[in-house]
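Each ligand, and each atom within it, is numbered from 1 in the order the structure gives.
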Amino acid sequence: MVQTICKQCGTAFEIADEDLKFYEQVSPVFSGKKYLIPPPKYCPDCRQQRRLAMCNEQNLYNSTCDLCKKEMISQFQPNQTFPVYCRDCWHSDEWDPKECGKDFDFSRPFFEQFAELQKSVPAQGRDVQGTVINCEYIHFAGFSKNCYLIMHADFCEDCLYGYGFKKNIACVDGFYNLHSELCYECIDAHKCYELIGSQECVNCSSSWFLRDCIGCKNCILCTGLRDKEYCIENQQYSKEDYMARKKEMDLGSYKTYQRLKEKLQDLELKHTFKEYQGHNLQNCSGNHLYNCKNTFESFDCEDVEDGKYCYQMVLSSKNIYDTYQYGTNLQESLESCICGDNGYHILFCFGGHVDSTDLSYCWYMESCKDCFGCTFMHHQRYCIFNKQYTKEEYEELVPKIIEHMQKTGEWGEHFPMKNSFFGYNHTTASLYYPLAKEEAQICGARWSDYEPPPPKVEKVIPADRLPDNIDDIPDDVLNWAITCEVTGKPFIITQQELRLYRQMRVPLPRRNWQQRQLERFNKRNPRKLFERKCDKCGKDIKTTYSPERPEIVYCEDCYHKEVYV
Ligand SMILES: [Zn+2]
Ligand SMILES: [Zn+2]
Ligand SMILES: [Zn+2]
C-alpha cells in the first residue's frame with residue numbers, strides 16, 4: 001500500500017497493492033514492452049471530478065447541423081468554433097475525420113495538441129444509440145420512442161424528464177427508474193407501477209409517497225413495509241377505510257401534494273435505514289449495487305466484477321477502475337467515461353462505443369480499434385491524431401508518444417478540465433463537486449455564461465398564479481411559459497406532459513425541470529462512504545449516511561434481524 005497526497009486538493013489517499021497490480025495489468029504492450037501506467041497523482045474524488053467535467057448531460061440547445069443545415073438539438077451551444085453535425089450527417093460518408101489528421105509534434109505537450117485537434121474535427125450533436133423514434137431531446141440515450149428530455153436512458157417509451165431510465169413506460173420526473181410504468185417523481189424505483197413521490201422501492205404499485213418499501217400495493221405515506229396492502233402511515237386499514245381516507249386526499253391539488261411530500265420527509269426521520277442499498281453482492285462496498293462481485297467504492301452499478309471507483313456501470317463489466325457510465329460488457333478499462341457496448345482495454349477515453357478496443361486518450365469513438373489520441377471517428381484502426389498509419393508504423397510511433405508523455409507528466413493522467421468542450425457550470429461535475437466560477441477557473445475549467453433565448457410563447461405567468469388543481473388547468477397552458485418559483489427561469493409544458501399529469505392526476509410543476517432534477521439528485525445520498533457506527537449494535541460500518549446526518553442507520557445484520565424479519 002502507498003500513501004500519497006492529491007496533487008489537486010492536498011488530501012492524503014491510499015493506493016492499495018491490488019490497485020498497483022491493476023494498473024500493471026492494463027498497461028499497454030507494444031513490441032513486447034510494457035508501458036507502465038503510473039499510480040494516480042489525484043485522489044479518487046478529484047479524478048472523478050475531472051472526468052465529470054467533460055460531460056454535459058443536461059443542457060441541450062437549438063442549433064443547426066453544419067453539414068445539412070437542418071435544425072437540430074445539440075449538446076453544444078450554438079456558434080461553436082468547430083463544426084457540429086446531426087446524427088445522420090456524422091455517420092455519413094460525406095466527410096472524413098482523417099482530413100483533420102495531424103502529425104504529432106514532439107516539442108509540445110500532448111493535451112495542448114489534442115485540444116487543437118478537438119476544435120477541428122466535426123462533433124456529433126447528441127450521443128444517441130440504436131433506433132430512436134420521435135426523441136429529439138434525448139442525450140446519452142437510445143433505443144427509445146416518444147421520449148422527451150431523458151438522459152442515460154434506454155428502451156423507454158413515452159417518458160419525460162428522466163435520468164438513469166431503463167425499460168420504462170410513461171414515467172415522468174424520475175431518477176433511476178427501471179422496468180417501471182406510470183411512475184411520477186420516483187427515485188430508485190424498480191419494477192413499479194403507478195407509484196408517485198416514492199424512493200427506493202421495488203415491486204410497488206398504486207401507491208403514493210413510500211420509502212424503502214418492497215411488494216406493496218395501495219399504500220400511502222409508508223416506510224420500510226414489505227408485501228402490505230391498504231396501509232397509511234404504516235397503519236393497516238380495511239380496504240373500505242383505506243379508500244375512504246384516500247378519497248380525502250386530492251393529489252391533483254398542488255397544496256395537498258406538497259403537504260404529503262413534506263409528511264414523507266418527517267416519516268423518513270423515524271425510519272431505520274440499511275447501511276447500503278443493494279442485493280446479491282459478494283465482497284463489495286458502495287451504494288446502490290446489484291449483482292456485483294469484488295467491486296469497491298462504487299455506486300449505481302449492476303453486474304460488475306472486479307471493479308473500483310465505478311459509477312453507473314451496468315451489465316457484465318469486468319476489471320474496470322475509475323469509470324463513469326455505462327458498461328454493457330466493458331473490460332480491462334481505466335479512467336474512462338461513457339464507454340461500453342463490448343469495449344475492451346479503453347484507457348483515459350471519453351466516449352467509446354460499439355465494439356471499440358485498445359483505445360487510449362481518445363474522444364468519442366464508435367467501433368474503432370487500436371487508436372491513440374483520436375477524436376470523433378467511427379470504424380477506424382491504427383490512427384494517431386486522426387491520421388492513418390500502418391500497423392507497424394502505429395506500433396512504432398505510439399511508444400514514442402508515450403515516452404514523450406512520461407517526460408511531460410501527462411502519461412497516466414486523464415484529460416485535464418481545460419480539454420472539456422463545456423463550461424464547468426454546465427457539466428455533471430458541477431452537481432457532484434459544485435464550484436464557483438473562480439474556483440473552476442483555478443482548476444483550469446472554462447465557464448459558460450450562455451443563456452438560451454426565452455421560449456416563444458403568448459404569455460409568461462408566475463408559478464404561483466397557476467390554478468392549484470390539475471382539473472382547473474386549461475389546455476391554454478400549452479401556449480404559456482411558467483416562471484420557475486426557484487430559478488425565475490421560464491419553462492413550458494408540453495402536450496404529452498399535460499396529458500400524463502391529467503392521467504396520473506398530479507399537479508402541474510411549479511419549478512423548471514433542471515431544478516426538479518437537482519432536487520431529486522439531492523434526495524439521494526452522496527457517492528461517498530463515511531465511517532459510522534451501527535445505531536443498534538455499535539459495529540463500524542461504511543455508509544453513504546455521514547455521521548452528522550439525522551437518519552437512523554443499522555448495519556445489514558441488525559437491519560434484517562431487528563427491523564425487517
Ligand atoms: Zn483530491
Ligand atoms: Zn445534418
Ligand atoms: Zn448492527
Side-chain angles (χ1 to χ4, degrees), residues 2-15 19 39-53 61-76 78 80 82-97 121-128 132 136 224 271-276 297 308-309 322 335 376 378 412-414 416-417 424 429 432-435 439-440 442-445 526-543 545 547 551-565:
V2 187
Q3 272 270 11
T4 188
I5 302 287
C6 172
K7 208 175 138 186
Q8 180 169 279
C9 71
T11 308
F13 70 102
E14 287 171 3
I15 303 164
D19 301 349
K41 299 186 191 86
Y42 283 51
C43 71
D45 265 327
C46 288
R47 301 201 299 269
Q48 168 79 336
Q49 179 188 24
R50 187 167 57 175
R51 286 191 298 276
L52 296 184
Y61 308 94
N62 289 307
S63 188
T64 309
C65 168
D66 286 312
L67 193 62
C68 72
K69 309 294 177 198
K70 280 186 197 151
E71 283 184 7
M72 65 167 182
I73 304 301
S74 169
Q75 61 181 310
F76 301 102
Q80 290 288 354
F82 54 88
V84 182
Y85 291 176
C86 70
R87 189 179 179 208
D88 287 347
C89 287
W90 193 82
H91 285 95
S92 74
D93 297 328
E94 301 281 304
W95 67 288
D96 183 357
V121 186
Q124 198 180 180
R126 285 178 297 135
D127 187 342
V128 174
V132 288
E136 294 307 303
H271 176 61
T272 299
F273 290 92
K274 191 167 78 163
E275 55 183 308
Y276 70 92
E297 311 266 341
K308 199 165 180 181
Y309 312 121
D322 280 81
E335 277 244 38
F376 284 112
H378 62 90
E413 295 295 325
H414 193 266
M417 289 189 201
Y424 188 87
Y432 289 92
Y433 309 95
L435 294 180
E439 294 170 313
I442 290 168
C443 295
R527 285 178 176 170
K528 201 168 176 54
L529 294 175
F530 300 90
E531 310 277 346
R532 185 173 164 147
K533 293 201 185 300
C534 165
D535 285 323
K536 178 75 186 174
C537 73
K539 190 176 107 177
D540 288 329
I541 52 173
K542 269 189 137 187
T543 173
Y545 294 92
E551 291 95 339
I552 305 158
V553 183
Y554 279 16
C555 72
E556 189 178 11
D557 286 348
C558 290
Y559 177 87
H560 287 300
K561 264 191 240 149
E562 309 273 337
V563 187
Y564 306 107
V565 186

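Using cut-offs of 30° and 60° on the angle between ring planes, the pair H378 and W90 is tilted. Using bins of under 30°, 30° to 60° and over 60° for the plane-to-plane angle, the ring pair F273/Y545 lands in the tilted bin.
Rounding to the nearest 10°, we obtain 110° for the angle at the Zn ion (ligand 3) between C537 SG and C558 SG. The Zn ion (ligand 1) lies at the vertex of an angle of 110° between the SG atom of C9 and the SG atom of C46 (rounded to 10°). Centred on the Zn ion (ligand 2), the SG atom of C89 and the SG atom of C86 lie at an angle of 100°, reported to 10°.
Using a 4.5 Å heavy-atom threshold, the side chains of Q48 and Y432 count as separate.
Figure legend: cation-pi geometry between K561 and Y559 absent, as NZ or CZ is not positioned both under 6.0 Å from the six-membered ring centre and within 45° of its axis.
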